[in-house]
Amino acid sequence: MLDDTYFMKQALVEAQKAFDRGEIPVGAIVVSKERIIARAHNLTETLNDVTAHAEMQAITAAANVLGGKYLNECTIYVTVEPCVMCAGAIAWAQTARLVFGAEDEKRGYQKYAPDALHPKTVVVKGILKEECATLMKSFFQKRR
């Protein structure tokens, strides 16, 4: 049986892709029945679109695979705590589980909208948080 650590490592692969493209290194995957149905990373610079966060891309891709807008039997894995916009999208999709690595104390949903998620969404925090945080820190150090 595959576990949260395995899937977060897959999200980190996506985050590395963003890093390599000069995008803020956030990766996301959506899992349904222990199968990855969507992979995404930040594309805000590439697409010149402030809404092109990894979570938004992954939710859209997963909905297309499933043929419906609800992810109520899915888990979304994100390397960094979602922002309020992404938390709202995760809520509207009625995502069963949210698993994230590093917390985002500056822009994360927990600071601004702690009740943004769907009431039934189970949240797991801190999976591979050091690896997730290190990738973000190295990205911003490189940019300075």
Side-chain angles (χ1 to χ4, degrees), residues 2-129 131-140 142-143:
L2 303 174
D3 64 4
D4 288 342
T5 301
Y6 171 82
F7 289 119
M8 187 60 73
K9 285 180 182 175
Q10 298 303 306
L12 274 165
V13 169
E14 290 299 316
Q16 185 64 52
K17 290 178 187 176
F19 183 99
D20 294 344
R21 293 178 81 144
E23 297 274 0
I24 293 175
V26 177
I29 64 164
V30 177
V31 174
S32 176
K33 299 174 184 161
E34 294 193 25
R35 192 175 126 244
I36 298 171
I37 61 169
R39 295 174 174 272
H41 54 272
N42 272 0
L43 291 171
T44 58
E45 300 299 326
T46 303
L47 299 177
N48 197 30
D49 178 357
V50 296
T51 69
H53 290 195
E55 300 95 322
M56 303 296 274
Q57 303 297 309
I59 289 167
T60 299
N64 287 332
V65 168
L66 295 173
K69 61 186 176 182
Y70 297 117
L71 306 181
N72 56 346
E73 295 182 4
C74 298
T75 299
I76 186 165
Y77 291 84
V78 188
T79 55
V80 177
E81 175 187 346
C83 70
V84 174
M85 173 184 70
C86 293
I90 290 165
W92 283 110
Q94 298 180 15
T95 310
R97 291 178 74 230
L98 162 64
V99 179
F100 67 85
E103 293 194 39
D104 184 348
E105 295 172 9
K106 290 183 182 177
R107 296 183 179 247
Y109 81 92
Q110 294 177 107
K111 178 178 181 177
Y112 296 104
D115 297 324
L117 297 174
H118 191 278
K120 291 183 180 177
T121 300
V122 174
V123 179
V124 178
K125 308 173 190 178
I127 303 295
L128 298 179
K129 73 178 182 179
E131 293 89 332
C132 296
T134 297
L135 188 60
M136 287 291 280
K137 288 173 188 166
S138 63
F139 176 79
F140 286 109
K142 183 180 165 188
R143 289 185 64 173

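Residues Met85 and Val50 approach most closely at CE-O, 4.0 Å, considering heavy atoms. The minimum heavy-atom distance between Ala38 and Ala62, with the atom names listed, is CB-N, 3.6 Å. The two residues Arg97 and Val124 make their nearest non-hydrogen contact at NH2-CG2, 3.5 Å. Closest approach of Tyr70 and Gln94 over heavy atoms only: CE2-NE2, 3.4 Å. Residues Gln57 and Ala52 share a closest heavy-atom pair of NE2-CA, 3.3 Å. In terms of heavy-atom proximity, Ala91 sits nearest to Ala116 at CB-O, 3.1 Å.
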Report all side-chain donor-acceptor pairs from residues 18-33 shorter than 3.5 Å, counting only partners two or more places apart or in another chain.
residue: Asp20; atom: OD1; partner: Gln16; partner atom: NE2; Å: 2.8
residue: Glu23; atom: OE1; partner: Thr44; partner atom: N; Å: 3.1
residue: Glu23; atom: OE1; partner: Thr44; partner atom: OG1; Å: 3.4
residue: Glu23; atom: OE1; partner: Glu45; partner atom: N; Å: 3.0
residue: Glu23; atom: OE2; partner: Glu45; partner atom: N; Å: 3.1
residue: Glu23; atom: OE2; partner: Thr46; partner atom: N; Å: 2.6
residue: Glu23; atom: OE2; partner: Thr46; partner atom: OG1; Å: 2.7

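Interatomic distance, CG of Asn64 versus CD1 of Ile59, reported as 12.0 Å (0.5 Å rounding). From Phe100, atom CZ reaches atom CG of Asp4 across 12.5 Å, with rounding to the nearest 0.5 Å.
Judged purely by atom type and a 3.5 angstrom limit, Tyr112 uses its side chain to pair as donor or acceptor with the backbone of Lys106. Within the 3.5 Å criterion, the main-chain N or O of Glu55 finds no donor-acceptor partner in the side chain of His53. Thr121 places a side-chain N or O within donor-acceptor distance of the main-chain N or O of Thr95, the cut-off being under 3.5 Å.
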Working for side-chain contact (heavy atoms from CB on, under 4.5 Å), residues Asp49 and Leu43: CA-CA 8 Å; Asp49 178 357; Leu43 291 171; over 6 Å; no

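Residue Val99 is tested with Leu128, Val78, Thr75 for a side-chain contact (heavy atoms from CB on, under 4.5 Å); the sole match is Thr75.
Between Ile76 and Leu71 there is no side-chain heavy-atom pair separated by less than 4.5 Å.
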